[in-house]
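I have placed the structure first, in the form of structure tokens, so that the comments after it can refer back to it.
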Amino acid sequence: MKKLSFKKFDLFYDQYLFIAITLLSILGLIFLFSASQGNTSMVFKQGLFVLFGILLMLLISQPDPDFFNNISVAFLLLSIILIIATFFIGIEANGAKRWLNMGFFTLQPSELLKIALPIYLSSYLYHRRLPISMKHTFITLGLILALFYLVASQPDLGTGLVVIMSGLYILFLAGLSWRFIGISFLLMILSLPFLWNNFLEPFQQQRIKTFFNPESDPFGSSWNITQSKIAIGSGGVSGKGYQEGSQSHLDFLPETETDFIFAVIAEEFGFIGVCTLMAIYIFILMRCFYLALNARDRFCRLAIGGLSLIFASTLFINLGMVTGLLPVVGMPLPFVSKGGSSLLSFYIAFGIIISMASHKKLMQK
Amino acid sequence: MIDLEQRGPEKKNFENRLALIYIFFVFLFSAIIFQTYSLQVSSFIDYEEASNQNKTREVLVQPLRGIIYDRNGKIIANNIPSYDLVILPGKISDLNGLLDKLKEFLVLTESELLYINENFKKKAAYNRELTIKKNLTNNEIAAFEVRSFDLDNISIEKRYSRQSNYPEIFSHALGYVGGVNDIELANILSSQNLQPIETEFTYSNGFIKGMTGIENIYDKDLRGLFGKRIYEVDAKGKFLKELGFEKPKNGKNLYSNLDIEAQQVAFKEMKKRRGAVVAVEIESGSIVTYLSSPSFSINELSNNISSKEFNELLKDSNKPFFDRASQGRYSPASTIKPAIGLYGIEKNLISWNTTIEDPGYFILPEDQRVYRGWKEGGHGRINLADAIIQSSNTFFFLLAYQSDIYDLKNHLNNFGFGKKVCNDCFNQDIALLPDPEWKMNNLNFGWFKGDTVNMGVGQGYLSATPIQLAYYANIVAQKGLIKNLSFIKDNNEPHADILLQNISDADWKRMHESMIGVIENPKGTAKRLKNLKTYSIGAKSGTVELVSLDSKEEYKIVRQEEGKRDHAIIIAFGPMPNPKYAVSVVIENGESGGSVAGPVAVNVLNELINNEKT
């Protein structure tokens, strides 16, 4: 929550978040160098992303939060338009059209939506009476489900679920009634068989089956998770040493640069390395918690709360998957995994959080 | 729109709910830390092991089979190296360029080129060797050596094949080697606490084991212990570097007591006729000659025999695969007579002075059936010695007639009939020593006195294998000392006594003299052998009648069909009076034991006795 004053220019930033995120990003590059087996051009490209992302984060944190309140509709619409565009001009890979070719890199617009939606909902509820009424509950829920459907039909179930989550966090923080939560939860459970049969692709069903019964398929779907556990476990307390991880360097571990980079870190730096990394993440989350409690108004409160929870969820899903606690779903390790869109969206999210943290208002709402 | 009253409780509510979710996440992240802790700290050893197993790959290294020697230290079965041209595809980028260079001095056939092209990529991906050409000639090797400076990642590798220097003469004694099926392989490896995995073969034919003969019986000793090469591999199984090498333990060499020269003589004398020759070194009970004829090339059978050649061998009416020495059942015929004579003395039925009048036949009192001898008119008044020398049937018909079949059976059993006599003969047959129970169970007929009478001259149901006959000859030569036969000289197992209570050393001497008389006496049935040697031999010849006839005239008609001619058979030992070797010879449809089988036996003994190395 600082304001560096230059002669004619004030720079708004939060030293804690800024240092922690920059540190994570640099560590991420170091890990990536090993995970990619010394692929310098990959690391260089990712380095440019990181540099650009940090500058973007700084830039985004300059305007007053009211700016984001005002443009939230436009931001949401832009995201939706980009997602719709993927259906027409998207890049197809593995049977899915999720990406847009932006020249320099490929953008996954659904990643933007998980930021744009909570900002929009925070703004929407900013103007309403809280706790949230039934009417607005249904309106917002309708929007959330519509957007989920849009993303899920790319198809991208994983990001779709994150989009739902990002919306629901805001509704919950806005005082969604416990009775409504209870009834919805019951309905959810009852409709699970229907969802299983109609919304999950066979390969997704297989992943979940494998998760509950890993022995059933040691060299198929559960190969990844078995190898990931071996990588983590064999790291021991102090790790095998930087670039010494045999699981990653001899190609036993899949997706080392992206989803499974945590396993590489755990193998090479051991439990000590894991704890250090976790400490940085927990520090960022605690700082966000503090900022949310001390936010200047309802919009900022909801937005910081929602965005930080998305960050925490992404982190948990990635770690849970890599350590074998959750089924395999594609989810990156924030600020560390290779990949532009996810990284970009988190820089934007933290840019907004920092803006909210560093701009004060005289009158609180 | 902005309700100041609402602000306090709303903020409180927000704080509670945010705190609630954060506490929830504290639990979730604790679970992650706990899971990581249990993987990295609690189960570290298991996962470290799993990680090491992942990245290392053990490859078995095949040991060489032990060499088999004869009793003079000459090699009978050996491992002969051949030279293969081998490349490392993983390090070769331009295959065609390399092949062009090779073609300058090497002829590659269509099928070889096809094999190279089909396997190059796969071998490159896994960094394994690829054999370009097998069995290089000396010229090809020389041509390669000259150009090797220009050829990288290509080398000449030694691969062995199991070969005998005497492939035709030791066919049944040594046996051949062959591939194993998956179950046998698993058994062989599990006996060495190994599992079937990728293997670096020392033999061009891969996994081999002894299929028959000594190669089979002593397979476990000859086989040796597999070694291991340990490589670091990546997830695809590509070899990255060698981490360790545990040398294979080659099989134990086997020092047999076979005698190459005697075996060669036997082979030459048999002239590919159907039959068998077994010779035994009396003192040790070890087999020095073991021939079943006709034979086949074990080298061809062990190394890539074509299926056409193999089928021809199988279909051959002379049955070359059949091991007549251990499995051929022949009536011992007159060769049984010394044992029957000893039985008479043992049971006090006769003495050396007992004489009978031999009219040339014997009439069974029970049914008046006539049992004929080989000589019309008979041999006149004869005693036991005469009966052996002239091979009187009447004498032994009479003797057998007075015998109890069970006593006689036990007596013959002591001499090796109807039992296993060799410790290490492959698929040994015990042939048939009949008794009334056997006849009732198998032929559904009661035992007639005539059956016992027939046994007295070694005809009827009684049968024996050549190895049993050699064992029997050995006992007679040793005056009743017995010892199981073996290809290996094993002096640890002592001779035992046959336990004949009433047979004295003098009786044995009389028996030996009688058997010497078979050759030396002018009336002896094998007198034609007299001039073939310079020392004396104890022998008993026999002629196995395949068709039961009443007169010689009938036989003349029968013998026009070769398969119905009599078998020729002889047992012999010498030099007398202190015999060193005993031999048995059977020649199917050879007709005369004395004049056909006899020379084979004498020439084998000549080789063994005259060329004995001490």
Side-chain angles (χ1 to χ4, degrees), chain A residues 126-131 169 172-176 226-227 229-237 239-240 245-247 249-254 262 266-267 270-271 274-275 278 281-282 285-286 288-289 292-293 295 298 301-302 304-305 308-309 312-313 315-316 319-320 322-325 364-365, chain B residues 1-57 125 231-241 243:
Chain A
Y126 174 74
H127 303 286
R128 306 291 182 275
R129 177 187 263 277
L130 288 191
Y169 279 138
F172 179 75
L173 292 175
L176 195 61
T226 307
Q227 294 305 330
K229 277 178 162 178
I230 293 173
I232 296 169
S234 63
V237 174
K240 295 176 183 173
S246 59
Q247 284 289 102
H249 286 263
L250 301 178
D251 298 332
F252 290 98
L253 199 61
F262 178 76
E267 185 183 22
F271 191 61
V274 169
C275 289
M278 288 299 287
Y281 280 114
I282 287 166
L285 284 172
M286 293 321 290
C288 288
F289 183 62
L293 293 188
R298 185 199 282 168
R301 239 185 343 252
L302 291 175
I304 297 175
S308 69
L309 288 176
S313 305
L315 179 64
F316 173 72
L319 297 180
V322 175
T323 55
L325 290 176
Q364 291 202 340
K365 169 165 111 159
Chain B
M1 204 179 274
I2 301 161
D3 190 341
L4 290 176
E5 306 288 308
Q6 284 278 312
R7 205 178 58 210
E10 185 218 317
K11 186 161 184 273
K12 193 79 210 142
N13 195 19
F14 170 84
E15 285 171 359
N16 287 341
R17 289 191 169 214
L18 188 66
L20 193 68
I21 306 184
Y22 262 79
I23 288 166
F24 182 58
F25 270 105
V26 168
F27 278 111
L28 294 182
F29 286 119
S30 303
I32 298 281
I33 298 276
F34 177 77
Q35 168 79 350
T36 314
Y37 179 85
S38 74
L39 291 174
Q40 297 196 296
V41 183
S42 313
S43 311
F44 168 65
I45 292 170
D46 295 342
Y47 284 108
E48 192 190 32
E49 169 75 22
S51 163
N52 283 334
Q53 262 187 14
N54 258 351
K55 69 172 181 184
T56 54
R57 173 80 52 93
Y231 291 96
E232 184 176 282
V233 290
D234 67 9
K236 289 186 213 112
K238 179 173 179 171
F239 286 166
L240 302 173
K241 63 179 178 219
L243 300 174

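Atom set for the values below is all heavy atoms of this structure, side chains included, hydrogens, waters and symmetry mates excluded.
- Between chain A and the options B/Q35, B/K236, B/E48, B/Q40, heavy-atom pairs under 4.5 Å are most frequent for B/Q40.
- When heavy atoms are compared at a cutoff of 4.5 Å, A/V274 approaches chain B solely by way of its side chain, counted from C-beta outward.
- Neither the backbone nor the side chain of B/E49 comes within contact range of chain A, judged by heavy atoms closer than 4.5 Å.
- Interface remark: B/F14 contributes backbone and side-chain atoms alike to the contact with chain A (heavy atom separation under 4.5 Å).
- Of the inter-residue distances, the one linking B/T56 atom OG1 with A/L250 atom CG reads 10.5 Å to the nearest 0.5 angstrom.
- Ion pairing between B/E10 and A/R301 holds under the 4.0 Å rule for side-chain N and carboxylate O.
- With chain A as the partner, the residue from B/N54, B/L18, B/L240 showing the most heavy-atom pairs under 4.5 Å is B/N54.
- Contact check for A/M278 versus B/I33: side-chain heavy atoms found under the 4.5 Å cut-off.
- Judged by the 6.0 Å distance and 45° axis criteria, B/R57 is not positioned over the aromatic ring of B/Y231.
- Among the candidates B/I45, B/V41, B/T36, B/D46, the residue making the largest number of heavy-atom pairs closer than 4.5 Å to chain A is B/T36.
- The side-chain tip of B/R17 points at the ring of A/F172 from less than 6.0 angstrom away and within 45° of straight on.
- Contact of B/S43 with chain A is not made at all, since no heavy-atom distance falls under 4.5 Å.
- Contact of A/Y281 with chain B is not made at all, since no heavy-atom distance falls under 4.5 Å.
- Heavy-atom distances place no part of A/I304 under 4.5 Å from chain B, backbone and side chain included.
- For chain B, no part of A/L253 is nearby; none of its heavy atoms comes within less than 4.5 Å.
- For A/S246 and A/K240, the side-chain atoms include at least one donor-acceptor pair closer than 3.5 Å.
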